[in-house]
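Just so it is clear: chains get the letters A, B, ... in the order the sequence lines come, proteins before strands, and each one is counted from 1.
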There are 2 protein chains.
Amino acid sequence: MTRKSGVASRSTIRDVAARAGVSASTVSRVLGGVYPVSAATRGSVMRAVRELDYVADARAKAIAGAGTPTLAFVLEDITGPSFAHMAHGVEREATRLGHLCLVCSTEGDVHNELEFVEMMRSQRAAAVILVGGTADTPAYRERTHRMADSLASVGSRLVLCGRPPLDPGAPVTVIEYDNEGGAHTLVAHVLAQGHRRVLFLGGRADHTTALGRERGYLAAHRARGLTPDPSLVLHGDFTRDAGHRLMHQALADGLEFSAVVAATDMVAAGALTALHEAGLKVPDDVSLAGYDDIPFARDLHPALTTVHVPYEELGRLAVRTALEHTPGAPDEHLLLGTHVVVRDSVGPGAVTA
Amino acid sequence: MTRKSGVASRSTIRDVAARAGVSASTVSRVLGGVYPVSAATRGSVMRAVRELDYVADARAKAIAGAGTPTLAFVLEDITGPSFAHMAHGVEREATRLGHLCLVCSTEGDVHNELEFVEMMRSQRAAAVILVGGTADTPAYRERTHRMADSLASVGSRLVLCGRPPLDPGAPVTVIEYDNEGGAHTLVAHVLAQGHRRVLFLGGRADHTTALGRERGYLAAHRARGLTPDPSLVLHGDFTRDAGHRLMHQALADGLEFSAVVAATDMVAAGALTALHEAGLKVPDDVSLAGYDDIPFARDLHPALTTVHVPYEELGRLAVRTALEHTPGAPDEHLLLGTHVVVRDSVGPGAVTA
DNA sequence: TCCGTCGTGGGAACCGGTTGCTACGGCGTT
DNA sequence: AACGCCGTAGCAACCGGTTCCCACGACGGA
C-alpha cells in the first residue's frame with residue numbers, strides 16, 4: 001500500500017497550476033465547478049490535484065468571498081443534558097445548512113462571553129447564538145445590546161435562546177420557551193392532587209430561567225386562591241448536587257411540605273436521592289416533580305413527572321431563524337410551548353393542610 | 001444612550017488608517033502591540049478603531065500567518081453524557097490554549113466523518129479529534145490512516161480518542177481508556193459477590209468500546225475458572241431505550257441470571273426501569289452494574305455501582321497532547337486507567353448456581 | 001557643528017485564493 | 001474565402017491583513 005510522501009507540503013493553487021501546466025485561475029475554475037472548462041484541461045487539473053492531495057485553504061476562500069460560513073454557539077456548560085440537546089439541534093441544523101459550528105462554554109463568566117463574542121465578530125460568523133438564562137439586570141441589557149449592535153455592524157446576527165430579551169430596537173433574534181406557563185401547569189397539577197405545602201427547589205435567585213419557573217409556581221397558587229409560604233422556595237443552582245444539598249437541608253430544618261417541585265430534572269434527581277436517604281417514599285410520603293424532561297427522567301424511581309421542553313427543536317429553530325433573517329427585516333421573537341409529562345412521582349396529598 | 005450607526009459597514013484596516021491619518025502598516029502595528037509606536041500615533045489610531053468599532057478580520061489574519069488557531073472535535077452524538085463531558089474537556093482546554101473549537105456530530109455516518117475531516121483540512125485546523133468507539137475493520141484502518149496522512153500533509157494532526165488505534169506508522173495521537181480492564185474489575189467484583197449467571201447488556205456487536213468491555217467481562221469469568229454462558233450476552237446500542245428493550249426481552253424470554261452488567265450507565269438506567277416494571281427488586285432479586293459513572297448514576301435507585309471513566313480529563317489530554325506534538329516526534333499513545341465505584345446496586349448472589 | 005544612530009512610519013510584497021476582462025484559436029456561415 | 005462568434009484560458013486586480021526593508025527626522029556625542 002503506497003502513501004503520499006509524509007512531508008507537510010501545504011501545496012497552493014499555484015503548485016497545482018504549475019503541475020497541470022495551466023494558470024491558477026483555471027485551477028480555481030475547475031475546482032469551482034461552474035465555469036466552462038474543456039475535458040482535457042479538467043482532467044489534467046484533477047490529476048494534479050489528486051497527486052498533490054490539494055485542498056483549497058478555506059480561510060483564503062473566505063476572505064475572497066467564497067468559503068464556508070460559520071456560526072457560533074455560546075453556552076455556560078455543555079455538560080447539562082438540556083444544553084447538550086440544544087447544542088445537538090444547533091449543530092445538526094448548522095451542518096444541514098452548510099455552516100460550520102464553533103462552540104464556547106463561558107463557565108458563567110461574563111468576561112469570557114464578551115471576549116468570545118468579539119472573537120466571533122472578527123471571524124465574521126453568520127450568527128452567534130447565546131444560550132441559557134442569566135441575571136436580567138440593566139447591565140446585562142446594556143452589554144448585550146452593545147454586542148448585538150457590534151455584531152450587526154459586521155453583518156452577523158445575535159440570537160438569544162432561552163435568555164432574556166432586550167429592549168426593542170436591538171438587532172436580535174429571540175427564541176424563548178415558556179418557563180412560567182410550563183411551571184404553572186405543572187404546579188397546578190400538583191395542587192390538584194391535594195397538596196398544599198409544596199416546596200420549590202429553585203435555581204439561582206436572579207437567574208431568569210429559574211425565576212420564570214418560580215413565577216409559574218406562584219401564579220398556580222394564586223390561581224387557586226392560595227398564597228404560598230415564602231419559606232418554601234429555596235435557591236441553589238441547577239446541578240444534582242444542589243438539589244441533593246437543598247433537599248437534605250430542608251429535611252434537617254424540619255420544613256413541612258408534602259410535595260416538591262424542582263426547577264430542573266437534575267435538581268429533582270439530587271432531591272430524590274436525598275429523600276430516599278431520609279427514608280421517605282416517593283410519592284407515598286412526598287411527591288416530586290421536575291422540569292426539562294431529560295431522557296433520564298423516566299428512569300428515576302419513581303419515574304419523574306416533569307415538563308417537556310423541545311430543546312433540540314429550540315436549537316434548530318435558533319439557527320434557522322437567524323440564518324433566514326434578512327438585514328432590515330423586523331426582529332423575530334419566538335416563544336415555544338411546553339407540556340407536562342405525567343409519570344409516577346406525584347401522588348395524592350392530604351387536602352387538609 | 002447613543003449607539004453606533006446601524007449600517008453594516010465592515011470597515012477595513014485601511015479605513016482605520018485613513019481616519020487616523022496614518023498608513024495601514026502602522027494600524028497593524030499598534031493593534032499588534034509589540035512594535036514601537038509613539039504615544040500620539042497610538043492614541044489617534046486607537047480612537048479611530050473605537051469610532052469605527054473595528055475588528056480585524058480573523059480569516060485575513062489567519063492567511064497572513066497571524067490569527068487564532070482552530071481545532072476540531074468530531075463525535076457521533078453530543079447528547080450522550082459521556083461524550084458531553086469529553087466535549088467539555090476539549091473545549092475548556094482548547095480555549096485555555098487560545099484555540100477556537102469546531103464541533104461536528106456525524107450521527108455515526110462514515111461519510112459525514114470523511115466530509116467533515118476534509119473540511120477541517122481545508123480550514124487548516126491544528127488538530128482534529130475523533131471520538132468514540134467504532135467498528136474496527138480493515139476499511140476503518142485504511143480510511144483513517146489516509147485521513148491521518150492527509151491531515152499531516154497540511155500540518156494538522158489527527159487524534160483518536162477512545163477509538164481503535166491504527167497500524168504503526170500512521171501519524172496519529174491515540175488516547176484510550178481501559179475498557180477491558182475496567183469491565184474486568186467490575187465483573188470480578190460482581191462474581192465475588194457470588195453471582196454465577198451474569199447477563200451482559202452490550203452495545204453494538206462490532207463496536208470497539210462495547211467489545212472491550214465484553215472482553216473484560218469474559219476475562220473476569222475465565223480468571224475465576226468460569227466459562228460464561230454465551231446466551232447471556234445481548235447486543236443493542238448505548239441508549240437507555242436499548243437497555244430497556246433488551247432487559248424487557250430477556251425477562252420475557254425467561255433467561256436465568258442473578259446479576260446484569262450493562263455496557264453503559266445509560267443502558268443500565270433503561271434496564272433498571274425494565275426490572276422495576278417486572279416487579280423485581282435491585283439488588284435483592286437481581287444485581288445491576290453500569291459503566292461510565294455519569295453524574296446521574298448515583299441518583300438511580302438503588303445508586304448504581306459502575307466504573308468511573310475520567311472523560312473530561314480525556315478530552316483535556318487529547319487536545320494538550322495533540323497541540324504539544326512536534327512534527328517528526330514519535331506518535332503518542334496514552335492509556336488512561338479507570339476504577340470501579342461501588343454503590344448499592346449489586347448485592348450478594350446465591351453462590352449455588 | 002557635523003555625523004551617527006535610534007526611534008518611527010510608509011511603501012510594497014506577500015499570504016492563497018476568486019473573478020472581471022481580454023485575447024486567442026477554431027469553427028460555422030454567407 | 002473572409003468574417004464573426006463562441007468556447008476557453010490567462011492576466012491582473014482584489015479580498016484584508018502582516019511584515020520586511022528602507023527613509024526620514026531628531027537627538028546626542030565628539
Side-chain angles (χ1 to χ4, degrees), chain A residues 8-46 48-49 52-70 119 121-125 153-156, chain B residues 8-46 48-49 52-70 119 121-125 153-156:
Chain A
S9 43
R10 225 180 261 80
S11 44
T12 78
I13 199 173
R14 300 178 226 275
D15 299 333
V16 177
R19 182 164 194 120
V22 299
S23 76
S25 9
T26 300
V27 175
S28 175
R29 295 205 253 253
V30 169
L31 262 26
V34 282
Y35 195 91
V37 175
S38 76
T41 309
R42 147 165 293 115
S44 58
V45 168
M46 290 312 283
V49 166
L52 261 38
D53 201 11
Y54 168 79
V55 238
D57 186 314
R59 290 101 40 103
K61 300 186 76 140
I63 196 192
T68 318
T70 297
M119 190 152 271
R121 197 160 86 94
S122 90
Q123 290 283 342
R124 306 295 189 255
S153 83
V154 299
S156 180
Chain B
S9 42
R10 222 181 263 81
S11 43
T12 77
I13 198 173
R14 303 180 221 272
D15 299 333
V16 177
R19 182 169 194 115
V22 298
S23 76
S25 7
T26 301
V27 175
S28 176
R29 294 202 258 251
V30 346
L31 261 26
V34 283
Y35 194 90
V37 175
S38 76
T41 310
R42 148 166 293 112
S44 57
V45 168
M46 289 313 280
V49 165
L52 262 39
D53 200 14
Y54 168 79
V55 239
D57 186 314
R59 291 100 40 101
K61 299 186 77 141
I63 193 190
T68 318
T70 297
M119 189 153 273
R121 197 160 85 96
S122 90
Q123 291 283 342
R124 305 298 189 255
S153 81
V154 298
S156 178

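- Residues A/Thr26 and A/Tyr35 form no side-chain contact, since every pair of their non-hydrogen atoms from C-beta on lies 4.5 Å or further apart.
- Side-chain contact between A/Lys61 and A/Leu31: absent, with no pair of heavy atoms (C-beta onward) separated by less than 4.5 Å.
- Checking the phosphate oxygens (OP1, OP2) of C/dG9, a side-chain nitrogen or oxygen of B/Thr41 falls inside 4.0 Å.
- Pairing each heavy atom of B/Val16 with each of B/Tyr54, the nearest pair is CG2-CG, 3.6 Å.
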Which protein N or O atoms sit under 3.5 Å from an N or O of nucleotides 23-26 of chain D?
none

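- Each of B/Thr41, B/Val22, B/Val37, B/Asp15 was compared with B/Val27 under the side chain to side chain contact (heavy atoms under 4.5 Å, CB included) criterion, and only B/Val22 meets it.
- Under the 3.5 Å distance criterion, the side-chain polar atoms of B/Ser156 are matched with a main-chain donor or acceptor of B/Ala125.
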Exercise for the section: Go along nucleotides 10-18 of chain D 5' to 3' and tag each nucleotide: B for a protein heavy atom under 4.0 Å from its base, S when only backbone or sugar atoms are that close, - otherwise. Expected result: BBB--BBBS

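- Under the 4.5 Å side-chain criterion, counting only non-hydrogen atoms from C-beta, B/Arg59 is not in contact with A/Asp57.
- Closest heavy-atom contact between A/Val30 and A/Met46: CG1-SD, 3.9 Å.
- Between B/Thr68 and A/Met119, some side-chain heavy-atom pair lies under the 4.5 Å cut-off.
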